[in-house]
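Each remark here refers to the structure printed beneath this line.
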Amino acid sequence: MNELDIHPPLVEQLLTQFLREELASAGFSRAVLGISGGIDSALVAALCARALGPQNVLGVMMPYRTSNPDSEGHARLLAARLGIQTKKVDISAMADGYLAAHEVKDRMRRGNVMARCRMIVLYDHSVEFKGLVIGTSNKTEILLGYSTQWGDSASAINPIGDLYKHQIYQLSRHLGVPSEILDKAPSADLFEGQTDEGELGFTYAEADRLLYWMVDERMSEQELVARGFDAAFVRRMAARIAATQFKRVMPIIAKLSQRTINQDFRYLRDWGK
Amino acid sequence: MPLTDCRLTLAQTNPALGAVQRNLEEHVAAIEAAHAAGSQLIVFPELSLTGYFLKDQTAELALDVDGPELRTLRELSKRISILVGFVERARDGRIYNSAAFLEDGALLHVHRKVHLVTYGMFDEEREFAAGDEFRAFESKLGRFGVLICEDAWHVSSGLQHFLAGVDAMLVPSCSPGRGVGGGATELSSETTWRTLLDAHAMLFQTWVLYANRVGWEDGVFFWGGSRAIDPFGKLVTRIEGFEPALAHASIDGGALRRARVATPLLRDSKPWLLARGLERIAAAERAR
């Protein structure tokens with residue numbers, strides 16, 4: 001047992017209630033999400049299926065022509081296991097329409113374009129399926145800023161954004177996510193051979209532990225080093241969190257009037273709900 | 001009058017944020033259900049008429065204690081005593097996080113939350129003026145004191161009610177659920193509140209009637225766990241799960257007397273030592 005361990009039945013109960021109630025507040029009872037074949041979207045699909053009934057969940061598979069075919073295979077396996085509805089939208093023509101015409105070669109730019117194409121597909125299906133787009137970003141990657149702004153980070157509500165990767169695995173095992181998905185190395189699958197941990201330069205286990213003590217428990221750098229964390233790693237992570245803060249907030253508005261949106265015009269989204 | 005045998009209802013509600021009329025209708029339904037179940041008292045959560053994270057809605061939803069919303073409930077209090085949470089606009093324009101005790105068609109008592117929470121996820125001091133007293137009051141059912149949520153985290157609040165001889169502490173609350181780590185099978189917020197409420201019942205030898213709300217507001221949920229605890233610290237009833245519900249419980253008026261005979265904490269409390277101690281601390285502060 002460690003500090004990150006959750007009691008999965010309790011978290012399942014809370015997150016299924018969250019999905020039902022926040023959807024209902026917005027006037028919805030159905031969910032749309034991208035299923036990549038990875039663990040985060042698998043977990044969210046499983047939570048949605050339990051919360052709303054599998055017939056009210058649409059899992060959209062959105063491969064690009066270079067995507068690993070295993071990804072789609074795993075997404076299909078998951079959807080069959082859960083009994084949710086699925087749809088495949090190949091984004092190759094859509095993405096290449098821009099990427100080829102503008103000769104975008106840079107790997108990161110190409111990946112961002114793909115992520116934003118997928119966002120467009122999901123938000124359009126949101127209207128067609130009458131379901132809200134459910135987020136699949138976990139706390140570790142949100143804090144690290146390991147996402148495309150307005151791309152995979154875009155959603156209406158996110159049930160797993162306060163769970164570290166370790167907790168994602170725990171809850172996924174509890175909800176019966178297929179072992180093929182649980183056991184493979186996490187990857188954004190934006191280019192061949194990409195893995196999260198390879199790209200980040202550290203493991204999720206290392207990141208989770210440090211982020212927990214740094215963010216949740218508010219430990220100082222000194223306290224973290226005394227706990228055994230490498231000082232350079234601590235500084236690198238702290239800098240990374242600060243540098244990616246822009247991905248975690250709404251766009252900044254220049255204040256001119258007496259009452260400015262989100263400054264002194266402050267209401268919850270559930271206003272009147 | 002000492003506490004009588006009575007039946008009470010804890011209303012674990014899920015108010016709609018800022019929809020006072022809709023919430024009022026739900027209050028009326030809960031009051032009627034409690035009355036039908038034979039209860040003489042119903043306790044609603046903190047800010048039960050408005051919901052919690054009001055931000056700029058706070059001032060927009062502030063109610064006059066003589067206004068129509070509370071008048072509706074006052075009318076119903078001819079049948080059953082009611083503790084209800086609301087945003088109070090005082091005559092001088094100050095806005096309070098208040099709970100009103102209504103009985104026999106009259107407003108018997110208003111408690112204004114003293115210990116507003118302003119840290120972490122909370123920002124109450126931005127929205128509310130702080131109340132400035134803990135006053136016990138006489139109901140036809142017994143002598144009561146109100147602690148709104150964070151009030152109960154300051155031992156000096158309950159202590160004043162204890163020394164004023166209350167039979168029951170009514171604790172309306174909007175406690176957000178949080179803390180799922182460490183492998184614990186319950187939320188850490190529940191663990192701490194249970195400890196806190198049990199300690200109040202035992203150390204202050206009083207009934208503790210805790211009504212906490214449920215439901216979600218922009219991703220924050222309230223964990224419920226509404227309960228009645230007797231003056232021995234024994235759980236009499238508790239609402240399980242995170243759903244809206246009513247719990248009816250019977251209060252054995254004699255339990256209070258028996259607890260205070262078995263362990264006469266109030267008799268032996270020596271409040272003058274506290275007064276002297278506080279004076280000494282204050283004098284030392286002044287001299288510093």
Side-chain angles (χ1 to χ4, degrees), chain A residues 1-26 51 134-135 139 155-164 166-168 170-171 174 208-209 211-213 215-218 259-273, chain B residues 12-23 47 49-61 119-124 126-127 174 176-191 213-225 240-245:
Chain A
M1 200 63 72
N2 72 38
E3 60 276 5
L4 286 165
D5 282 339
I6 54 164
H7 181 58
L10 173 65
V11 176
E12 177 198 349
Q13 186 187 2
L14 294 172
L15 294 183
T16 49
Q17 197 195 39
F18 163 81
L19 286 164
R20 277 191 299 270
E21 202 169 309
E22 292 291 9
L23 277 176
S25 290
I134 311 298
K139 188 172 188 173
S155 69
I157 61 171
N158 177 350
I160 63 164
D162 206 14
L163 290 175
Y164 287 111
H166 170 79
Q167 300 166 328
I168 296 284
Q170 263 192 294
L171 190 56
H174 168 70
D208 281 355
R209 273 197 67 232
L211 291 172
Y212 172 78
W213 291 110
V215 175
D216 293 50
E217 298 295 334
R218 301 169 198 255
R259 204 162 177 216
T260 307
I261 294 154
N262 293 340
Q263 295 282 357
D264 28 33
F265 177 84
R266 306 170 309 127
Y267 296 89
L268 258 53
R269 197 164 82 180
D270 287 345
W271 190 0
K273 306 288 172 50
Chain B
Q12 182 165 292
T13 54
N14 179 7
L17 186 63
V20 174
Q21 202 50 44
R22 210 183 322 158
N23 295 331
L47 294 174
L49 279 177
T50 57
Y52 183 71
F53 286 107
L54 294 166
K55 300 195 172 198
D56 281 9
Q57 285 186 284
T58 312
E60 296 160 12
L61 300 175
Y119 54 76
M121 64 194 295
F122 307 104
D123 206 7
E124 288 183 17
R126 177 168 178 160
E127 325 293 355
C174 280
R178 51 214 193 276
V180 294
T185 55
E186 67 176 14
L187 295 157
S188 62
S189 40
E190 170 152 16
T191 311
R213 63 161 290 188
V214 288
W216 295 77
E217 289 181 359
D218 273 20
V220 176
F221 84 102
F222 303 89
W223 62 274
E240 297 290 339
F242 305 121
E243 304 289 341

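Numbered from 1 within each chain, the chains take letters A, B, ... in sequence-line order.
- Taking A/His7, A/Glu21, A/Arg266 one by one and counting their heavy-atom pairs under 4.5 Å with chain B, the maximum is reached by A/Arg266.
- Contact of B/Asn23 with chain A is not made at all, since no heavy-atom distance falls under 4.5 Å.
- Of the inter-residue distances, the one linking B/Trp216 atom CH2 with A/Leu23 atom CG reads 12.0 Å to the nearest 0.5 angstrom.
- The shortest side-chain heavy-atom distance between A/Leu14 and B/Leu187 falls under the 4.5 Å cut-off.
- A donor-acceptor contact shorter than 3.5 Å is absent between the side chain of A/Glu3 and the backbone of B/Gly182.
- B/Phe221 touches chain A through its side chain: at least one heavy atom from C-beta onward sits under 4.5 Å away, while N, CA, C and O do not.
- Using a 4.5 Å cut-off between heavy atoms, A/Leu10 touches chain B through its side chain atoms alone.
- Neither the backbone nor the side chain of A/Gln170 comes within less than 4.5 Å of any heavy atom in chain B.
- If you measure heavy-atom distances from B/Arg178 to chain A, you find no contacts under 4.5 Å at all.
- Listed for the B/Arg22 side chain is a donor-acceptor partner under 3.5 Å among the backbone atoms of A/Gly272.
- Panel note: side chain A/Glu22, backbone B/Asp218; a donor-acceptor pair is recorded below 3.5 Å.
- Partners of A/Tyr267 under the side-chain hydrogen bond (donor to acceptor under 3.5 Å, both in side chains) rule, at least two apart in sequence or in another chain, are A/Arg259, B/Glu60.
- Proximity to chain A (any heavy atom under 4.5 Å) is restricted, for B/Glu127, to the side chain, taken from C-beta onward.
- Between the side chain of A/Gln17 and the backbone N or O of B/Phe242 there is at least one donor-acceptor pair closer than 3.5 Å.
- With sequence neighbours left out, A/Lys139 forms a side-chain contact (heavy atoms from CB on, under 4.5 Å) with A/Leu143, A/Asp162, A/Tyr164, A/Asp216.
- With chain A as partner, the option from B/Gly177, B/Ala16, B/Ala19 having the largest number of non-hydrogen pairs under 4.5 angstrom is B/Ala16.
- Taking B/Glu186, B/Gln57, B/Glu243 one by one and counting their heavy-atom pairs under 4.5 Å with chain A, the maximum is reached by B/Gln57.
- Rounding to the nearest 0.5 angstrom, the gap separating the CH2 atom in A/Trp271 from the CG atom in B/Asp56 is 8.0 Å.
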